[in-house]
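Start at 1 and go down the list; that is how both ligands and their atoms are numbered. Residue numbers start at 1 and run along the sequence shown. None of these values were measured; they are calculated from a predicted model.
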Amino acid sequence: MSKKFKAMRGTHDLLPEESLLWRRIETAFVDICRRYGYGEVRVPIFEATELFERGTGFATDVVQKEMYTFPDKKGRSLSLRPEGTPSVIRAYLEHGLSRKSKVSKFHYMGPMFRYDKPGAGRYRQFHQVGIEVIGTPSPQADVEVITLLWEYLRGINLKDVGMRVNTLGCKNCRERYSALVKEFLEGKLGDLCEDCHDRFNRNPLRVLDCKVASCKEAIGDAPAIDAVLDEECIAHFDEVQQYLKVAGVDFYVDKKLVRGLDYYTRTVFEVFHSATGVDSSLGGGGRYDELVQELGGPSTPAVGFSAGLERIVLALKAEAAHADEAASMDVYVASIADESYQYAFALAGELRKSLRVWLEFESRRPQKQLASASKMGAAYTAVIGEDEVKKNTVVFKHMESGEQAEVGRDEALSWLKNRLGGE
Ligand code: HAM
């Protein structure tokens, strides 16, 4: 027996029924981004491994454990992108986009790859939508980014979402905080999981983000960042919170929120949903004022977020907030005799210029075709037999009421459009 192929673990196929829902939430994302003045960028799916080592951060779990890395035929090390932010910054620098405008605002979407442990809402190939605002240190940019994410999720009808925000302070505050947390953790090493021992050495702040129960308990009374925040960082975070309230974003401050990537400075945030839980965010992001420089550019502040489409779909389904997206047809063209197929074929071609039309690849008995038409939820069936060809007409049957009307061939399109418009 020949081998049966299956999608690789942690990947999934998107079949027509579900892809309509995906299309809707992707379109809603593009729409809201355009309303806020963002332009789309599309960046490659693989890049030099070093881009992610320097960008995402050499010490992160993503780079240490989860990247799909391979040599190309010339021995260069490449990686499938685990996230979009480093690629967007590379493109920004490579194309000198800072010369075009002081502040650049981009949106993007596409597949990302992480060798994660597959589970509910956790895949190895998953899909993100995201935005990046590059070139401004203003807290108002943080507010816009968070508000856009919030409004996006509300706009696609998700209700049960929560938003938590925090500040990690600027580079200096963050370094001081990291030292403080390290000192605190020294006495708790025995309670930490193996990964956290590693994190303790690589980046102690990441221990605050560990999901293991014993680690969560051990860090229960870890020092909060407030002790080391300078005045500017405090003022920045205050303004972010003040305007988020004005914008109507329902958020709370979570002092333990540090995020899984290393580039963040100052504001960080995550949205979550009861279907996936606080530990499995729908989306997240923050400010990253050092990254552009880290990737070879001039010192340039930036802020952004990404959200995972698989998790958004899970949440929509849990809320039953996804209206059943009908794949239905406007009209099913049924040729019921071999002699009428060519006539039906030409009619379908004409109707398809503006309507959703189904045409079988051969003539079949009327009952069979009417059954197929009603199964796919077609509004009308156009029945074409030898009589209609002779008279140059079309018989339209309204599938719900069963009413029939014979219409001249030349009027068929306008007649149908009128009827459909009125439904
Ligand atoms: P992230 O938190 O690593 O941030 O990922 C953002 C979102 O991607 C998560 O909230 C989640 O919805 C989704 N995601 C991550 N891993 C998986 C997975 N294995 N399976 C399914 N979904 C997943 C970033 O990627 C940053 N680039 C966000 C950002 C943009 N920060 C600044 N700008």
Side-chain angles (χ1 to χ4, degrees), residues 9-12 25 29 33 38 41 43 47 51-52 55-57 60-63 65-68 80-90 92 104-134 141-142 144-146 148-149 152-153 158 161-166 168 206 209 211 257-273 275-292 294-295 301-316:
R9 194 163 130 77
T11 70
H12 63 99
I25 60 178
F29 183 72
C33 289
Y38 289 69
V41 285
V43 287
E47 301 263 8
L51 176 71
F52 302 114
T56 307
T60 57
D61 287 1
V62 171
V63 167
K65 299 184 194 159
E66 296 173 1
M67 277 215 296
Y68 282 87
L80 298 185
R81 59 183 189 194
E83 56 147 343
T85 309
S87 304
V88 173
I89 300 300
R90 179 205 42 73
Y92 168 83
S104 302
K105 305 207 296 186
F106 302 119
H107 70 87
Y108 54 91
M109 69 171 73
M112 307 290 160
F113 305 85
R114 295 183 194 176
Y115 196 84
D116 215 332
K117 196 162 172 242
R122 197 164 290 281
Y123 292 88
R124 290 180 174 165
Q125 176 177 335
F126 58 97
H127 299 78
Q128 283 184 345
V129 293
I131 61 171
E132 312 293 347
V133 179
I134 310 166
D142 309 22
E144 178 172 298
V145 165
I146 296 172
L148 192 153
L149 174 57
Y152 168 56
L153 296 175
L158 268 183
V161 279
M163 168 77 72
R164 50 187 188 141
V165 301
N166 193 20
L168 297 175
R206 292 279 294 113
D209 194 39
K211 317 287 188 259
L257 177 64
V258 291
R259 307 267 304 127
L261 308 171
D262 280 353
Y263 45 63
Y264 293 112
T265 49
R266 293 195 164 165
T267 316
V268 285
F269 57 92
E270 275 184 7
V271 271
F272 55 90
H273 187 272
T276 46
V278 174
D279 288 343
S280 231
S281 59
L282 291 190
R287 181 162 275 290
Y288 51 92
D289 292 344
E290 310 294 327
L291 182 61
V292 179
E294 182 60 39
L295 295 180
V303 55
F305 79 75
S306 325
L309 291 178
E310 281 81 0
R311 292 187 190 171
I312 291 176
V313 166
L314 255 175
L316 280 169

Quiz item: What's the spacing between H127 NE2 and S306 OG if we round to 0.5 Å?
Solution: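 Result: 14.0 Å between the selected atoms.
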Practice problem: Could you point out which residue of R114, R206, K211 forms a salt bridge (charged side-chain N to carboxylate O under 4.0 Å, His left out) with D61? | Solution: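 Single salt bridge (charged side-chain N to carboxylate O under 4.0 Å, His left out) partner of D61 among R114, R206, K211: R206.
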Counting both backbone and side chain atoms, is some N or O of [X] under 3.5 Å from an N or O of ligand 1?
{"X": "E310", "result": "no"}
{"X": "G84", "result": "no"}
{"X": "G308", "result": "yes"}
{"X": "R122", "result": "no"}
{"X": "Y108", "result": "no"}

Does [X] have a heavy atom less than 4.0 Å from any atom of ligand 1?
{"X": "G283", "result": "yes"}
{"X": "M112", "result": "no"}
{"X": "G284", "result": "yes"}

Can you name the atoms of ligand 1, numbered from 1 with element, that are less than 4.0 Å from a heavy atom of [X]?
{"X": "Q128", "answer": "5 (O), 6 (C), 7 (C), 8 (O), 24 (C), 25 (O)"}
{"X": "L282", "answer": "10 (O), 12 (O)"}
{"X": "Y123", "answer": "18 (C), 19 (N), 20 (N), 21 (C)"}
{"X": "D116", "answer": "19 (N)"}

Quiz prompt | Parallel, tilted or perpendicular: ring planes of Y123 versus H12, cut at 30 and 60 degrees | solution =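 Rings of Y123 and H12: tilted, as their planes differ by 30° to 60°.
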Quiz item: Between A307 and L149, which heavy-atom pair has the shortest distance, and what is it?
Solution: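 Heavy atoms of A307 and L149 come nearest at CB-CD1, 4.2 Å.
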[atom] - nearest protein heavy atom and its distance:
{"atom": "atom 10 (O) of ligand 1", "answer": "S281 OG, 2.7 Å"}
{"atom": "atom 21 (C) of ligand 1", "answer": "G121 O, 3.2 Å"}
{"atom": "atom 28 (C) of ligand 1", "answer": "S306 OG, 3.0 Å"}
{"atom": "atom 32 (C) of ligand 1", "answer": "G304 O, 3.3 Å"}
{"atom": "atom 31 (N) of ligand 1", "answer": "Y264 OH, 2.6 Å"}
{"atom": "atom 33 (N) of ligand 1", "answer": "E132 OE1, 2.8 Å"}
{"atom": "atom 1 (P) of ligand 1", "answer": "R259 NH2, 3.5 Å"}
{"atom": "atom 14 (N) of ligand 1", "answer": "F126 CE1, 3.4 Å"}

Of the backbone atoms (N, CA, C, O) and the side-chain heavy atoms from C-beta on, which set of [X] has a member under 4.0 Å from an atom of ligand 1: side chain, backbone, both, or neither?
{"X": "F272", "answer": "neither"}
{"X": "V303", "answer": "neither"}
{"X": "F305", "answer": "backbone"}

Exercise. Determine whether R311 and R122 make a side-chain contact, defined as any pair of heavy atoms from C-beta on separated by less than 4.5 Å.
Key: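 Side-chain contact under 4.5 Å: yes.
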Quiz item: So do the side chains of L282 and L158 get within less than 4.5 Å of each other, counting heavy atoms only?
Solution: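 Contact flag for L282/L158 side chains = yes.
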For a quick check under 3.5 Å, do [X] and [Y] share a side-chain donor-acceptor pair by atom type?
{"X": "E290", "Y": "T265", "answer": "no"}
{"X": "E83", "Y": "T56", "answer": "yes"}
{"X": "Q125", "Y": "Y68", "answer": "no"}

Quiz item: Any ion pair linking E270 and R259 (charged N to carboxylate O, less than 4.0 Å)?
Solution: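 Salt bridge flag = yes for E270 with R259.
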